[in-house]
Amino acid sequence: MSKFKSELLKTLEERGFIKQISKPEELDKRALEGPITGYIGFDGTADSLHVGSLTMIMVLRIMQQTGHRPVALMGGGTSMVGDPSFKSTDRPMLTLEDINNNLLGIKSIFAQFLSFGDGSKDDGRAIMANNADWLCKLNYMDFLRDYGVHFSVNRMLSFEGVKQRMDRDQHLSFLEFNYMILQGYDFLELSRRYGCELQIGGSDQWGNILNGVELTRRVDGKEVFALTTPLLTTASGQKMGKSEGNAVWLNEEKLPAYEYWQYWRNTEDADVGRFLRMFTELSIAEIEKLETAQGAELNEVKKLLATEVTKLARGTEAAEKAAETARITFETGGISADLPTVEVTKTEIEAGLGILSAFVLAGLAASNGEARRHIKGGAAKLNDQKIADERMNLTAEAINEQGVIKLSVGKKKHVLIKPI
């Protein structure tokens, strides 16, 4: 039974989203009194978020569903500096144009999960803010005089992410060191603009968030709260958001719905229950029943997980279409037109396209050497037949009745080559 009384914290706890809370009893009491405005920051380091950010997005969604007001803070200002937390090297410097383009890509995913307003009234609708609106207008000397006095360098040096860089004698620039101060100031600014009382982040952000809690208390005399979520890895220790070394993007333009669905279908057995709780909206009672599944039944649960997660990010139609594509491909041995497709000119096919090059072109191998290893290991297939000769060429004879060529690695990765 949960120790919390508020629906917000009870839901976050039972779904596995709570690692630390600065003052848990006080926050629980405050959540019972009425709507809380809370925020999570997202820096524009790429033009899409990947599934590693899905934890934070789902927390914002739960906030809104339990009657509170979420703020998705775009890091237009902080992206110019770069968060040094648990990074072994400086982040690459991005131009303003790069940052703004990245933020445009990131913003599009939130509409799938949250209902937005303009922030003009506290009606429970989500707010999208950009810290460039205030950080890029700061006067450096005024900022130092007004806020620098409230930050302890001794304390900042004790943060685990900073300590690791120092202990390994790895470069930590003054630019990056300022990130912690800017993040703390974000909390103060959001408190003033929107009455924000809660910042949420991954557990690696605990120290940075507490900076904002302390700054807001010291400058404005206001009590605000910090909450962190566990850093999410798979049961085998792999960082969430990576598949075969590639990022699993949330945006459709970066990763088709079928491949997104397939990532979740391939969830490790030990992670199924945890991911059902965190990334679907099935009831806890239903999830507890599904967690008992074994063998073939567990595979069906994984399909359900994949479909439910894909519904949230890509919509019901895309999720059901992806599930049907998988059924046709894996259960009937057929070819779905919705499989990932790479177009190749008919001229290249007629001239003879080397099989190793074809696997690289299809994204099924990073290099000819990797493609060769797939073939030697018996994992590479052409139109569902094992490839024996790494020196063979794809020709017009390989085009099937659907007008495509199917390349596969193992049972789960398939790409169509479409002559044009």
Can you find a pair of side-chain heavy atoms, one from [X] and one from [Y], that are under 4.5 Å apart?
{"X": "F17", "Y": "I200", "value": "no"}
{"X": "E259", "Y": "P340", "value": "yes"}
{"X": "M80", "Y": "L96", "value": "yes"}
{"X": "E197", "Y": "L27", "value": "no"}

[X] (side chain) donor-acceptor with [Y] (main chain) under 3.5 angstrom:
{"X": "S79", "Y": "G44", "value": "yes"}
{"X": "E252", "Y": "A257", "value": "yes"}
{"X": "E297", "Y": "A293", "value": "no"}
{"X": "D47", "Y": "G105", "value": "no"}
{"X": "N130", "Y": "A132", "value": "yes"}
{"X": "R15", "Y": "T280", "value": "yes"}
{"X": "H68", "Y": "I36", "value": "yes"}
{"X": "N383", "Y": "A398", "value": "yes"}
{"X": "N208", "Y": "M180", "value": "no"}
{"X": "N211", "Y": "G184", "value": "no"}

Report the residues that fulfil side-chain hydrogen bond (donor to acceptor under 3.5 Å, both in side chains) with [X], sequence neighbours left out, ordered by chain and then residue number.
{"X": "N131", "answer": "T78, D186"}
{"X": "E268", "answer": "T234, S236"}
{"X": "S48", "answer": "N251"}
{"X": "K23", "answer": "E223"}

Next on the checklist: Enumerate the ring-ring contact (aromatic ring centres under 6.0 Å, His included) contacts for residues 277-325, please, sequence neighbours excluded, ordered by first and then second residue.
Outcome noted: W264-F279, F275-F279

How close do [X] and [Y] get, heavy atom to heavy atom, and via which atoms?
{"X": "W134", "Y": "L73", "value": "CH2-CD1, 3.7 Å"}
{"X": "L60", "Y": "F110", "value": "CD1-CE2, 4.2 Å"}
{"X": "L190", "Y": "A129", "value": "CD2-CB, 4.5 Å"}
{"X": "M278", "Y": "G16", "value": "CE-O, 4.0 Å"}
{"X": "M56", "Y": "G201", "value": "CE-C, 3.4 Å"}
{"X": "G77", "Y": "C136", "value": "CA-SG, 4.4 Å"}

Next on the checklist: Walk me through whether E300 and K303 qualify under salt bridge (charged side-chain N to carboxylate O under 4.0 Å, His left out).
Outcome noted: CA-CA 5 Å; E300 293 304 311; K303 294 176 188 176; 3.0 Å; yes

Checklist entry - Going through the checks in order, is the side chain to side chain contact (heavy atoms under 4.5 Å, CB included) test met by I99 and D43? => result CA-CA 9 Å; I99 292 170; D43 278 345; over 6 Å; no

Residues that [X] engages under salt bridge (Lys or Arg N to Asp or Glu O under 4.0 Å), provided they are two or more places apart:
{"X": "R192", "result": "D220"}
{"X": "D98", "result": "none"}
{"X": "E308", "result": "K311"}
{"X": "K302", "result": "D269"}

Checklist entry - Given the rule in the side chain to side chain contact (heavy atoms under 4.5 Å, CB included) test, do L135 and E189 qualify, once you have shown the distances and angles that lead to the verdict? => result CA-CA 10 Å; L135 293 182; E189 188 69 32; over 6 Å; no

Supply the atom-to-atom distance [X] [atom1] to [Y] [atom2], rounded to the nearest 0.5 angstrom.
{"X": "K10", "Y": "I18", "atom1": "NZ", "atom2": "CD1", "answer": "12.0 Å"}
{"X": "L8", "Y": "F4", "atom1": "CG", "atom2": "CZ", "answer": "9.5 Å"}
{"X": "T11", "Y": "I62", "atom1": "OG1", "atom2": "CD1", "answer": "6.5 Å"}
{"X": "T341", "Y": "I405", "atom1": "OG1", "atom2": "CD1", "answer": "12.0 Å"}
{"X": "L407", "Y": "I417", "atom1": "CG", "atom2": "CD1", "answer": "5.0 Å"}
{"X": "R265", "Y": "L304", "atom1": "CZ", "atom2": "CG", "answer": "12.0 Å"}

Between [Y] and [X], is there a salt bridge with N-O shorter than 4.0 Å?
{"X": "D384", "Y": "K381", "result": "no"}
{"X": "E14", "Y": "R277", "result": "no"}
{"X": "E324", "Y": "R327", "result": "yes"}

Checklist entry - Within 45 degrees of the axis of the six-membered ring of F225 and under 6.0 Å from its centre: does R30 put its NZ or CZ there? => result no

Would you say the side-chain atoms of [X] and [Y] include a donor-acceptor pair closer than 3.5 Å?
{"X": "E97", "Y": "N100", "value": "no"}
{"X": "T345", "Y": "E348", "value": "yes"}
{"X": "E13", "Y": "S2", "value": "yes"}

Checklist entry - So which pairs with a foot in residues 279-290 pass salt bridge (charged side-chain N to carboxylate O under 4.0 Å, His left out), sequence neighbours left out? => result R61-E281

Item to check | Y39: partners by ring-ring contact (aromatic ring centres under 6.0 Å, His included), with sequence neighbours left out | outcome: F187

Item to check | ring-ring contact (aromatic ring centres under 6.0 Å, His included) involving Y147 - partner list, sequence neighbours excluded | outcome: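 Per chain and number, Y147 pairs via ring-ring contact (aromatic ring centres under 6.0 Å, His included) with F143, Y185.
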
Checklist entry - Under 6.0 Å from the NZ atom of K254, do we count more than 12 heavy atoms belonging to anything else shown? => result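 Counting neighbours around NZ of K254, more than 12 heavy atoms of other residues, nucleotides or ligands fall under 6.0 Å, so yes.
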
Checklist entry - Given Y260 and L250, is the side chain to side chain contact (heavy atoms under 4.5 Å, CB included) satisfied, shown in steps? => result CA-CA 8 Å; Y260 186 75; L250 295 180; 3.5 Å; yes

Item to check | Stepwise side chain to side chain contact (heavy atoms under 4.5 Å, CB included) check, R314 with L255 | outcome: CA-CA 11 Å; R314 307 298 178 80; L255 187 75; 4.1 Å; yes

Item to check | Check against side-chain hydrogen bond (donor to acceptor under 3.5 Å, both in side chains), Q183 and Q205 | outcome: CA-CA 10 Å; Q183 185 173 336; Q205 295 293 312; 3.2 Å; yes

